[in-house]
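Step one of this worksheet: look at the structure below.
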Amino acid sequence: MEYLKELNPEQLEAATTTEGYLRVVAGAGSGKTKTLTARYLYLVEMLGISTANILCVTFTNKAAAEMKKRIRRQLPDQDLGRITTFHGFCVGLLKEDCHVVQYPTTFIVLDEEDKEAMLRTVFEDLGITSRDLTIKEAIDHIGWRKGGRGYVKTLIGSPEKLRKLSEEATTLKDKVLYRYFYEQRKCYGLDFDDLIYFTLYILEHDKAVREKWQSRLEYIMVDEFQDIDKDQYALADILSGFHQNLFVVGDPDQTIYTWRGADVKFILEFDSRHPGAKTIFLNTNYRSTPQILAASNALIDKNRERLKKQLAAVREDSRKPLYFHAKTGQLEADWITANRRALHEAGMPYSSMGVLYRAHYVSRAVEESLIRSKIPYVLYSGVEFYKRKEIKDVLCYLRMIYSGDDISFLRTVNEPRRGVGRTRIAALKEYAQLQQCSLYEALMANLETELFRRSRAREYVRLIEKYRAIFDGMDLTDLLTGVLNESGYEDMLRSCGEEERLDNLAELKQAIYDFQRKAGEEVTLGNYLDHAALFTNMDQTEKAQAVKLMTIHAAKGLEYPVVFLCGLSEGIFPGKRVNTREKLEEERRLCYVAFTRAKDRLFLSDAAGTNYDGSFRCPSRFLFNAGKENLEYAVPLDPELEERTMEQVRRTVDTDTRPEQPAETVGKRVLHPIFGEGSVIGIPRGQEGVIVQFDAISTPRTFGPSAKLAFLT
């Protein structure tokens with residue numbers, strides 16, 4: 001049990017407290033993954049729990065893979081399939097129980113590009129142009145309509161009913177919505193939203209399935225709990241409903257994804273929603289120097305919506321974070337480049353340096369400076385690997401063999417060219433609509449017609465049918481090699497001199513090989529296609545001996561010996577649209593995440609000038625939140641500039657400077673000029689003021705700080 005001896009007292013308590021509801025508040029760099037891994041091993045080795053009865057949900061495939069890697073050192077022969085993401089778990093549940101909604105186990109997972117391709121087909125069929133509606137607007141509307149989960153009952157209906165709903169819809173957006181549902185239902189495709197919503201629908205509507213999974217999952221662990229949304233929260237609650245062994249770990253100070261549904265209240269209120277829950281704080285930071293943590297602690301302490309904690313360093317003293325106020329953006333970029341070069345000449349590799357910023361446009365001056373100085377860099381904003389055209393094309397070939405959906409057909413039938421162009425595709429669509437069949441089935445039925453005899457469509461069908469008959473017994477890398485050779489796809493790229501794309505295909509072969517090797521169990525084509533569809537840009541691996549440039553959101557979960565945080569100006573960070581305390585606190589959490597990515601050195605910078613709206617650009621309030629005493633100034637800051645910053649902060653409703661309503665007011669009697677007398681029964685979460693229950697009305701009222709309330713003695 002050496003792994004337990006390596007834990008500090010708080011980590012050990014978290015790893016060995018196995019029963020009931022447990023919240024672990026794990027600060028940045030506090031050994032969260034180490035604790036999770038130790039707890040998993042403790043459950044298996046000390047308690048004797050089967051890995052099949054433990055669900056461990058992480059936020060990314062990359063995090064799940066890292067945890068599996070650590071556990072395999074101790075449990076080399078165990079099935080670790082239930083160390084996964086929420087979406088990965090849902091795929092597994094649906095493969096077992098999608099019969100409840102009359103879906104086959106061969107349903108396909110639609111990624112974002114598949115959704116867009118499907119919508120382009122819908123737009124074409126309905127004669128919609130971008131002037132009428134954009135793809136993004138359609139995706140937003142579909143996401144909004146799916147948010148209530150009630151749509152599942154509609155989507156699992158017959159394709160004919162969905163087509164009729166589209167025809168009868170009174171708005172263009174709803175016509176597109178139901179036609180998208182029709183296309184989904186026709187190929188049994190589920191997008192990322194559906195994976196969660198279908199799973200919840202089945203668990204909520206089928207008692208036998210719910211009780212089966214509740215009984216099976218004796219211990220549930222959820223990583224990065226501060227990042228989950230309401231549906232993931234509901235899923236964790238339902239699954240833990242029988243054994244009530246739910247272990248959640250996260251840091252409310254690192255909640256930075258509210259724009260995609262995360263809510264800091266889920267972790268803040270975990271104990272009140274689960275009476276008897278225990279809380280353990282991991283405050284020992286093993287990553288950063290005391291000086292970096294002093295600035296980080298001072299910064300985040302300005303937030304109200306948090307669980308109070310102070311990260312404590314175990315490392316030795318070093319330099320304070322170095323702050324530079326530049327006269328221009330170019331001078332700021334050159335200062336960053338000069339410091340990077342000096343660090344590199346002192347022996348630090350460029351790959352140990354990260355440059356972080358609030359938004360991509362901030363990187364322009366930095367990039368230009370790096371290029372002039374011939375310093376290699378990687379910009380984390382390019383096309384994701386699995387979204388590159390050649391990768392998507394080849395995966396669609398594999399998906400044609402597995403499921404034969406229309407999206408994959410349209411992507412592959414004429415790539416490379418086989419004479420199946422727009423006219424022939426239109427004919428296939430018309431036939432498929434009349435016969436209620438897929439486009440591939442329509443092609444097979446029309447191969448001998450005059451229209452298709454002159455094309456090379458037969459070669460395509462021969463390829464698909466050959467591998468459909470044998471893929472179940474094939475090694476996946478052999479299958480990929482065969483498809484690339486016999487489809488002519490690889491030859492097409494080679495003849496065009498597309499070396500980079502050929503390299504990407506070689507990387508795909510390596511990715512499939514690695515997936516098979518790491519899975520530690522029998523792998524099917526369906527397994528790999530699900531894995532590829534669930535992969536995101538958050539799962540990319542580090543590569544290249546180069547400086548890393550990325551947004552702070554992209555840096556979440558990463559760490560670097562040296563971090564440069566640039567663009568620390570009001571109007572940029574925090575952004576000019578930050579107009580409420582809740583938004584400001586999220587921006588401050590984002591800055592805290594940036595600070596705590598740094599292990600040895602932290603460089604902070606901003607530049608004078610004007611914003612796009614013409615406003616004067618001054619240093620960010622976050623620099624002052626971190627405390628002057630905690631920063632080293634590369635050049636003295638003009639006191640007048642500091643005062644101008646504070647004045648601008650006051651003008652932009654810096655709500656965090658207002659006094660918080662004291663909790664002692666709860667229970668006090670008040671008098672309102674209209675409602676009369678009442679009692680203060682609470683403090684509204686996330687805003688100033690009081691909640692009052694008046695004697696003369698049945699329900700309470702919430703008041704802001706300017707309300708005309710008189711406290712009675």
Side-chain angles (χ1 to χ4, degrees), residues 288-303 317-340 342-343 355-359 362-363 365-366 369 552 562-576 578 584 587-598 600-657:
S288 305
T289 64
Q291 285 71 23
I292 291 172
L293 291 186
S296 303
N297 284 330
L299 170 72
I300 200 61
D301 194 50
K302 303 301 184 294
N303 273 11
D317 284 346
S318 182
R319 291 184 63 177
K320 294 179 181 180
L322 181 62
Y323 164 54
F324 176 64
H325 173 71
K327 298 297 183 185
T328 67
Q330 187 59 63
L331 289 174
E332 179 189 9
D334 290 343
W335 179 80
I336 293 171
T337 298
N339 277 282
R340 277 194 294 254
L343 288 166
V355 181
L356 310 184
Y357 34 79
R358 178 63 182 88
V362 177
S363 71
V366 177
S369 180
I552 303 167
V562 177
V563 166
F564 293 85
L565 177 58
C566 58
L568 275 165
S569 301
E570 287 289 314
I572 297 177
F573 196 18
K576 62 181 179 181
V578 174
L584 179 63
E587 289 284 288
R588 191 178 282 111
R589 290 193 295 265
L590 192 60
C591 191
Y592 173 77
V593 166
F595 276 28
T596 54
R597 299 312 93 198
D600 304 324
R601 295 292 309 278
L602 175 61
F603 294 82
L604 310 171
S605 61
D606 77 303
T610 56
N611 293 311
Y612 293 123
D613 61 1
S615 61
F616 176 77
R617 187 175 287 174
C618 54
S620 169
R621 70 192 74 188
F622 297 153
L623 291 161
F624 304 108
N625 289 165
K628 287 185 179 180
E629 69 281 6
N630 295 320
L631 303 182
E632 178 185 343
Y633 285 66
V635 294
L637 196 61
D638 187 340
E640 186 178 335
L641 178 62
E642 183 177 340
E643 177 53 36
R644 194 181 297 183
T645 298
M646 293 299 101
E647 177 58 31
Q648 182 160 322
V649 166
R650 287 190 286 271
R651 285 202 309 272
T652 55
V653 194
D654 189 9
T655 54
D656 64 333
T657 63

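Here the structure is a predicted model, which means the values were calculated and not measured.
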Worksheet item: Rounded to the nearest 0.5 Å, how far does CG of Asn303 lie from CG of Leu584?
Response: 7.5 Å
Discussion item. Students often mix this up, so state it plainly: with edges at 30° and 60°, are the rings of Phe573 and Phe622 parallel, tilted or perpendicular?
Written reply: perpendicular
Discussion item. Tell me if a side-chain donor or acceptor on Gln291 pairs with a main-chain N or O of Ser318 at a distance below 3.5 Å.
Written reply: yes
Discussion item. With heavy-atom distances below 4.5 Å as the criterion, would you say the side chains of Asn630 and Lys320 are in contact?
Written reply: no
Worksheet item: Among all residues two or more places apart in sequence or in another chain, which pass the salt bridge (charged side-chain N to carboxylate O under 4.0 Å, His left out) test with Asp301?
Response: Arg306, Lys308
Fill in: Partner set under ring pair (Phe, Tyr, Trp, His ring centres under 6.0 Å) for Phe595, not counting sequence neighbours
none
Practice prompt. In sequence, state the C-alpha distance, the side-chain angles, and the governing distance for Ser363 and Val355, and then conclude on side-chain contact (heavy atoms from CB on, under 4.5 Å).
Written response: CA-CA 9 Å; Ser363 71; Val355 181; over 6 Å; no
Discussion item. Would you say that His325 contacts Leu623 through its side chain, given a criterion of any heavy-atom pair below 4.5 Å between the two side chains?
Written reply: no
Worksheet item: Is the closest side-chain heavy-atom distance between Pro619 and Leu641 below 4.5 Å?
Response: yes
Discussion item. Return the CZ to CZ distance between Arg621 and Arg588, rounded to the nearest 0.5 Å.
Written reply: 7.5 Å
Response to the item:
Rounded to the nearest 0.5 angstrom, the CG-OH distance for Asn297 and Tyr592 is 6.0 Å
Practice prompt. With sequence neighbours excluded, give me every salt bridge (Lys or Arg N to Asp or Glu O under 4.0 Å) pair touching residues 626-641.
Written response: Arg319-Glu632, Lys628-Glu642, Glu640-Arg644
Worksheet item: When rounded to the nearest 0.5 angstrom, what is the spacing between CG in Leu631 and CZ in Phe624?
Response: 9.5 Å
Fill in: Nearest heavy-atom neighbours spanning Ile336 and Ser605
CD1-OG, 3.7 Å
Discussion item. For Glu587 versus Pro574, what's the shortest heavy-atom pair and its separation?
Written reply: OE1-CA, 3.3 Å
Discussion item. Determine whether a donor-acceptor pair (N or O, by modelled atom type, separation under 3.5 Å) exists between the side chain of Ser369 and the backbone of Ala365.
Written reply: no
Worksheet item: Any side-chain heavy atom of Arg340 sitting closer than 4.5 Å to one from Val562?
Response: no
Response to the item:
Closest non-hydrogen atoms of Leu568 and Cys591, given as atom of the first, atom of the second and distance, are CD2-SG, 4.3 Å
Worksheet item: Which heavy-atom pair separates Ala626 from Ala298 by the least distance, and what is that distance?
Response: O-CB, 3.4 Å
Discussion item. With a 4.5 Å cut-off on side-chain heavy atoms, are Leu565 and Ile552 touching?
Written reply: yes
Fill in: Note, Val366 side chain near Tyr357 side chain (heavy atom, < 4.5 Å)
no
Worksheet item: Would Trp335 and Val635 satisfy side-chain contact (heavy atoms from CB on, under 4.5 Å), going step by step from the backbone distance to the final call?
Response: CA-CA 12 Å; Trp335 179 80; Val635 294; over 6 Å; no
Worksheet item: CG of Asn339 to CZ of Phe564: how many Å apart, nearest 0.5 Å?
Response: 5.0 Å
Worksheet item: Would you say the side-chain atoms of Ser288 pair up with the backbone N or O of Ala598, donor to acceptor, closer than 3.5 Å?
Response: yes
Response to the item:
Taken to the nearest 0.5 Å, the spacing of Leu637 CG from Tyr323 OH works out to 5.0 Å
Worksheet item: Is any side-chain heavy atom of Asp606 closer than 4.5 Å to a side-chain heavy atom of Ser620?
Response: no
